[in-house]
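Contents: one structure, followed by commentary.
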Amino acid sequence: DDDDFDDDDDLEDDLEDDDDFDDFDDDEVPQHLVRRVAKFQKDGPGVLVLSEFAGSAQSLSGAIRVNPWNTDELADAIHESLTLSRVERELRWAKLQRYVTTNTANYWARSFVSDFRDVCDHPPLLSKLPRLSTQEVLRAYEGSKNRLIVADYDGTLTQRQSLPQLATPAPAVAQLLATLAKDSKNTLYVMSGRERKYMDKWLGKFKVGLAAELGYCHRGPDDPPGQWTSLCRDLDTSWKNVVQPIMQYFAERTPGTYIETKETSLAWHFQDADPHFGAWQAKDMQIHMEDVLANLPLEIVQGKFFVEVRHVGVNKALVLEDVLRRGPRRRGRAGATAEHASGGPLLARSNSDSHLVSAAAAATAPAPSAAGDPLEDDFDFVLCVGDDRSDEDMYQLLKAYYARRSEHHQTAKPLVVYLVRIGTGATQAEFFLENIFELRKLLRNMASISIRELNDHRNGPGSSSGGPTTGAHHHRNLATTGVAAQSSRASMIIS
């Protein structure tokens with residue numbers, strides 16, 4: 001009789017007490033038990049509350065994910081699950097059921113084997129960069145008159161560090177940069193994502209051009225310390241109030257990560273996190289921020305062990321573009337003055353990456369020289385070295401610059417360009433070096449050439465060995481060059 005069940009007693013106790021339940025086949029279950037089960041489930045399915053640290057948390061999106069160590073958050077999640085409407089509970093449950101019934105162990109096994117076979121049958125076409133020939137670079141360096149050397153900082157000149165304060169350049173690196181910068185034939189720039197205060201502190205005393213915060217601000221080799229040129233003034237950074245909480249959310253859930261707050265950007269670093277989990281979280285955070293920041297003039301850059309949010313159009317190529325327009329240091333300030341008089345610095349009117357290629361054409365029109373031939377005093381040797389996504393814009397710009405020079409000035413002095421990446425991977429660079437120590441070795445040899453040329457100039461033309469050396473003899477000369485006038489400093493560089 002249905003009236004026997006109006007009190008809605010505990011179904012589980014009743015079922016446990018029903019010794020006759022297991023004696024029935026599926027088609028012989030008593031109707032009173034069926035009615036009791038149906039009455040018990042009249043409110044629909046429950047809600048899954050799942051720890052965000054569980055392996056299935058990223059897959060079971062129908063669950064309410066919580067940090068189990070946060071008591072308040074856990075209590076709120078339980079309260080939410082108990083107060084959800086029946087419709088929402090059924091939708092969540094259907095989503096969970098659909099996932100677990102579709103993505104079974106058999107499904108994953110078949111998918112893995114299928115993908116594995118596909119890769120074996122159709123291996124991906126990975127472009128293999130040739131290793132940079134240091135001897136070729138040294139010969140070109142020795143035979144050139146106006147050299148441009150551009151290097152990224154973190155991961156290129158120095159090892160990557162987890163904290164900005166620890167990224168101080170090694171004494172040997174600082175000495176190499178100082179020696180190369182003293183060569184009047186060289187224009188040397190260091191491009192960094194660090195803040196300007198750190199770049200000034202570490203390299204401000206040298207005749208080295210610096211770019212900070214991925215190109216937002218820069219200073220030339222001959223500018224006094226502390227004098228920086230910014231991309232624009234009164235930049236609106238109120239968007240940080242939106243981005244910071246998102247980064248903080250992921251930082252709290254990814255051990256070994258931290259947020260670096262810069263003057264005009266925010267960066268989330270995961271170098272000290274588990275590499276796989278950190279990269280996974282970085283991608284998840286990027287997807288989340290892309291939805292939130294869709295209507296703001298910002299871009300999200302994922303580099304090597306970091307995700308940075310910056311203003312659209314801010315990149316290292318803008319600084320390099322201005323350097324190419326101004327030309328070599330030895331051209332003097334006259335060229336820069338002419339460039340300003342012709343319409344101001346290019347940085348003032350470039351505000352997005354879409355201007356990169358068109359700006360490259362402008363970069364090939366250097367300021368007029370006294371001799372009347374702008375190419376006579378233009379760069380004839382360019383070495384650009386980087387290690388991650390933030391350097392790709394420079395490679396793209398230099399390729400356009402080289403193509404423009406080659407197309408319109410075929411009879412001029414040839415330009416040699418070396419686009420180098422530290423390590424391998426998808427890149428627009430044309431050569432690679434295995435690690436930063438190979439780059440340091442190359443810079444040491446370049447510095448030794450500069451020192452020898454300086455000594456030859458001081459001692460007069462007759463002291464020169466007779467032009468650029470080549471082959472094995474050239475290699476031996478690099479190791480045994482006499483630098484009596486500066487023996488103590490040269491020994492530090494060459495050793």
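Keep in mind that this is a model prediction, so the values were computed, not measured.
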Q | CA sep, side-chain torsions, deciding dist, call: V382, L398, side chain to side chain contact (heavy atoms under 4.5 Å, CB included) | A | CA-CA 9 Å; V382 177; L398 286 172; 4.0 Å; yes

Q: Quick one: pull up CZ in F206 and NZ in K182 and give me the separation to the nearest 0.5 Å.
A: 9.0 Å

Q: For the residue pair H269 and F306, categorise the inter-ring angle as parallel (less than 30°), tilted (30 to 60°) or perpendicular (more than 60°).
A: tilted

Q) In terms of the angle between their ring planes, are W239 and H311 parallel, tilted or perpendicular, with boundaries placed at 30° and 60°? A) perpendicular

Q: Determine, for E453 against K185, whether the closest basic-nitrogen to carboxylate-oxygen distance falls under 4.0 angstrom.
A: yes

(Q) Strictly distance-based, threshold 3.5 Å: is any side-chain N or O of K399 a donor or acceptor partner for the main-chain N or O of L419? (A) no

Q: Return yes if a side-chain donor-acceptor contact under 3.5 Å exists between Q428 and E392, otherwise no.
A: no

**Q.** Expected output: side-chain D152 to main-chain G155 donor-acceptor under 3.5 Å
**A.** no

Q.
Could you tell me if the side chain of Y401 sits less than 4.5 Å from the side chain of L415, heavy atoms only?
A. yes

Q.
Please tell me whether W228 and D223 have a donor and an acceptor in their side chains that are separated by less than 3.5 angstrom.
A. no

Q | W108 ring center near F112 ring center (under 6.0 Å) | A | no

Q | Carboxylate-amine/guanidinium contact R405 D378, below 4.0 Å | A | yes

(Q) Under a 4.0 Å threshold between the charged nitrogen and the carboxylate oxygen, would E213 count as salt-bridged to R310? (A) no

(Q) Please check: side-chain N/O of Y395 versus main-chain N/O of V420, any donor-acceptor pairing under 3.5 Å? (A) yes

Q: For the residue pair L157 and L439, establish whether any side-chain heavy-atom pair is separated by less than 4.5 Å.
A: yes

Q. Between N186 (side chain) and L188 (backbone), is there a donor-acceptor pair under 3.5 Å?
A. no

Q.
Under 3.5 Å, is there a donor on one side chain and an acceptor on the other for S450 and Y141?
A. yes

Q: For salt bridge (charged side-chain N to carboxylate O under 4.0 Å, His left out), just list the numbers for E430 and R421, CA-CA rounded to whole Å, side-chain angles, deciding distance to a tenth of an Å, and then say yes or no.
A: CA-CA 8 Å; E430 298 178 342; R421 176 186 170 97; over 6 Å; no

Q: Keeping the roles fixed (side chain from D118, backbone from S114), state whether a donor-acceptor pair exists under 3.5 Å.
A: no

Q: Using only heavy-atom distances, determine whether the side chains of Q248 and Q244 contain a donor-acceptor pair under 3.5 Å.
A: no

Q. Between D380 and R147, does a salt bridge (charged side-chain N to carboxylate O under 4.0 Å, His left out) hold up when you go through it step by step?
A. CA-CA 6 Å; D380 55 5; R147 309 158 181 150; over 6 Å; no

**Q.** Geometric cation-pi criterion R404 and Y402, 6.0 Å radius, 45° cone
**A.** no

(Q) A side-chain contact here means heavy atoms from C-beta on lying under 4.5 Å apart; do N146 and L148 qualify? (A) no

**Q.** Non-hydrogen side-chain atoms of R389 and Q302 separated by less than 4.5 Å
**A.** no

Q | Ion pair check, D322 and R326, cut-off under 4.0 Å | A | yes

Q) Using the ring of each side chain (for Trp, its six-membered ring), is F270 parallel, tilted or perpendicular to W268, with breaks at 30° and 60°? A) tilted

Q: Have a look at R160 and tell me which of D388, D154, D272 forms a salt bridge (Lys or Arg N to Asp or Glu O under 4.0 Å) with it.
A: D388

Q. Are the side chain of N435 and the backbone N or O of E438 linked by a donor-acceptor pair below 3.5 Å?
A. yes

Q.
Do K316 and D393 have side chains that approach each other closer than 4.5 Å (heavy atoms only, starting at C-beta)?
A. no

Q) Are any non-hydrogen side-chain atoms of V208 and P221 less than 4.5 angstrom apart? A) no

Q: Please examine the side chains of V137 and F431, heavy atoms only from C-beta on, and report whether any two atoms are closer than 4.5 Å.
A: no

